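Here the structure is laid out as structure tokens; the discussion comes afterwards.
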Amino acid sequence: MAMRLLTRGGQSDIQLLSRLCARAGSTVFSYRFQSTAVAAAHGDSAATAHGDPSFLESVDIYFDKAASLASTTPDILTQIKACNNILKVQFPLKCANGSVELIEAYRAQHSHHRLPVKGGIRMAPNVDADETMALAALMTFKCAVVDVPFGGAKGGIKIDPTKYSTNEKEAIIRRYTSELVKKNFIGPSIDVPAPDYGTGPQEMAWIKDTFEHLQPNDINGSACVTGKPLEEGGIMGRQEATGLGVFFCLREFLNDKASLGKMVIVQGFGNVGRHTIDSIHGAGGKIIAIAEANGGLVDESMEGLDIPALKAYHKKKGTITGFPGATTVKNSSGILELPCDVLIPAALESQIHSGNAANIKAKVVAEAANGPVTPLAETILEANNVVILPDLLLNAGGVTVSYFEWLKNLNHIHFGRMSRRMEERGKKVRKLSTACSYLLDTDGKGCNFRTAAYLIAIERIATCYRLSGIFP
Ligand code: NAD
């Protein structure tokens, strides 16, 4: 499928991307447009179309690889790998046009070795039980890597949020929350959701309000969810936290104060992508291309996009496409294959799969999204000497700051004005940088960073299971 150029008429996407590859001195230029066209679909379906394992199978494959190196006994490994609970609910929504629609939603609790369990709520059309369980498992391992004392969970509502009005979304979130309350799948000591793909502070505020209406005697009610607006018991920095964490880890890895003249490509201009871009740009990095679901931007000058101007444009237009300071391309998946130092997938899982991995020219792939690289793609990337910085560490900044929000709500105090910023930022940086150093120390010890991260998580969770014993 040929890609069409939207702006700077006269040249096709193919010509543009060819020129950029050539300018960057890339010898690989047999662009696989068939693969990129397929990749424009939802990540997991594009990957499975190429014979890659599903997202859930991928997480299991990564787990098994690390488990084979662990000193843990097989019975405990089986216990750690299994998803403990998966709840599916279906409920009616009265739509604005008077029709009634059945909404399908999930909550998976992967591991209860620490309580509460914790994990975001996603709103996307491809949500299903397997995706929710895969994401819940990643939460378990992620929390263990950064030593945040939560088990892993995840929620998903199978809708395209862009197709619903604010009132409809509010009704969906409130009904979903009430279903979770009825089934004992939410509460400050049980299961604490947060934002994820397609949700943000507003949805978290609705969850808190619904929970407090249904459980008025719970004095800790506001700690039933994190990622809330500041005025609703949220914490400074939660919105930026995941993207900032991606930046901190990248900086640590590059061990280079100027991570910073590096050329960076980002997929996804949502919460995580935008804040990652902000931090990298602020530190002097050059964002040379951004891929979004409805198209992408390429900076042909390679000097780096004007990020403040782009943010202002995005705020006004609600899209990055058509930004006058760059070239807009329609099919953005080809952007992942442009030459750069660092490629940051910050959208969805399985975006880099066996169909496009061989075309990736980045030296480092920094996984801001959950599960963006399939195991087959990982093998191909590593054969091409591409270093992968794994999601378990890279995007753990969000849950780390969520932990402090939860603590703040339980303490029923406001952090002091003077110390607030320093404390929140300082603790988070310490937690992430301890985890980073731990992981970087494993370099050269016979496994890649992902396996090392899984291994650290497995050993920590196993210790917990061993010491707790089995009830009854
Ligand atoms: P978001 O909804 O705020 O933004 C995602 C963006 O990706 C959207 O702008 C969407 O249009 C874009 N997108 C979707 N498909 C795309 C495609 N094929 N190509 C290019 N862009 C595409 O979501 P988010 O909160 O930024 O989450 C992104 C990823 O980060 C997810 O994998 C999520 O699980 C993970 N994550 C999020 C958080 C968090 O705090 N929000 C924390 C940890 C991990």
Side-chain angles (χ1 to χ4, degrees), residues 36-47 55 118-127 131-132 134-136 138-139 142-143 145-146 148 152 154-156 160-162 193-204 226-228 234 237-246 249 265-278 289-297 314 318-321 329-336 343-353 356 366-373 390-403 405:
T36 53
V38 176
H42 181 266
D44 211 22
S45 55
F55 184 22
K118 184 104 188 66
I121 292 176
R122 171 174 288 200
M123 291 203 287
N126 294 81
V127 161
E131 183 192 68
T132 314
L135 289 163
L138 290 181
M139 282 306 297
K142 191 182 305 180
C143 290
V145 167
V146 288
V148 165
K154 204 78 177 191
D160 177 349
T162 61
D196 191 72
Y197 188 92
T199 61
Q202 177 59 76
E203 285 76 13
M204 302 307 115
T226 60
K228 301 178 291 288
R238 173 58 185 90
Q239 261 196 287
E240 307 91 289
T242 308
L244 192 57
V246 172
C249 294
I265 294 177
V266 180
Q267 182 195 38
F269 199 68
N271 176 287
V272 178
R274 254 195 337 267
H275 290 114
T276 301
I277 286 171
D278 250 356
I290 301 174
E292 247 299 324
N294 66 340
L297 292 179
H314 180 260
T319 176
I320 59 169
T321 58
V329 293
K330 186 166 194 236
N331 184 344
S332 62
S333 49
I335 286 179
L336 305 192
L343 171 62
I344 306 183
L348 282 168
E349 58 269 14
S350 309
Q351 293 295 304
I352 303 175
H353 46 78
N356 63 0
E367 297 185 334
N370 282 310
V373 177
D391 48 5
L392 291 193
L393 177 65
L394 264 275
N395 68 31
V399 73
T400 305
V401 173
S402 274
Y403 171 55
E405 179 176 335

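Note that the coordinates shown come from a computational prediction; the quantities given were computed from them, not determined experimentally. Counting starts at 1 for both ligands and their atoms, in listed order.
Every N/O-N/O distance between Asn395 and ligand 1 stays at or above 3.5 Å. Between Leu348 and ligand 1, not a single N/O pair is under 3.5 Å apart. Ligand 1 has a nitrogen or oxygen under 3.5 angstrom from a nitrogen or oxygen of Asp196. Remark: ligand 1 and Glu292 share an N or O pair separated by less than 3.5 Å (distance only, no angle test). An N or O contact shorter than 3.5 Å links Val272 to ligand 1 by distance. Where the criterion is an N or O separation shorter than 3.5 Å, residue side chain and backbone included, Gly198 meets it with respect to ligand 1.
Under a 3.5 Å cut-off, the side chain of Glu292 and the backbone N or O of Phe269 do form a donor-acceptor pair. Side-chain atoms of Thr199 never come within 3.5 Å of backbone atoms of Pro195 as a donor-acceptor pair (strictly under, hydrogens ignored). A side-chain donor-acceptor contact under 3.5 Å links Glu405 to the backbone of Lys228.
Within the 4.0 Å heavy-atom shell around ligand 1 one finds Ala368. Distances shorter than 4.0 angstrom do not occur between any heavy atom of Arg274 and any atom of ligand 1. At least one heavy atom of Arg122 sits less than 4.0 Å from an atom of ligand 1. Put simply, part of Ala347 is less than 4.0 Å from ligand 1, judged by heavy atoms.
Neither the backbone nor the side chain of Ala194 has any atom closer than 4.0 Å to an atom of ligand 1 (non-hydrogen atoms only).
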Query raised in the report: Passes salt bridge (Lys or Arg N to Asp or Glu O under 4.0 Å), Arg122 versus Glu131? Steps please.
Result: CA-CA 10 Å; Arg122 171 174 288 200; Glu131 183 192 68; 3.1 Å; yes
Query raised in the report: Could you go step by step and tell me if Asn356 and Ser333 meet the side-chain hydrogen bond (donor to acceptor under 3.5 Å, both in side chains) rule?
Result: CA-CA 9 Å; Asn356 63 0; Ser333 49; over 6 Å; no
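Residue Asn271 holds the heavy atom nearest to atom 3 (O) of ligand 1 of all those in Leu336, Asn271, Val246, Thr276. Taking only non-hydrogen atoms, the option from Asn370, Thr162, Thr242 nearest to atom 42 (C) of ligand 1 is Thr242.
Taking the side chain as every heavy atom from C-beta outward, Ile265 and Ile290 never approach each other to under 4.5 Å. Between Leu348 and Gln351 there is a side-chain heavy-atom pair separated by less than 4.5 Å.
Closest approach of Ala368 and Ala346 over heavy atoms only: CB-CB, 3.8 Å.
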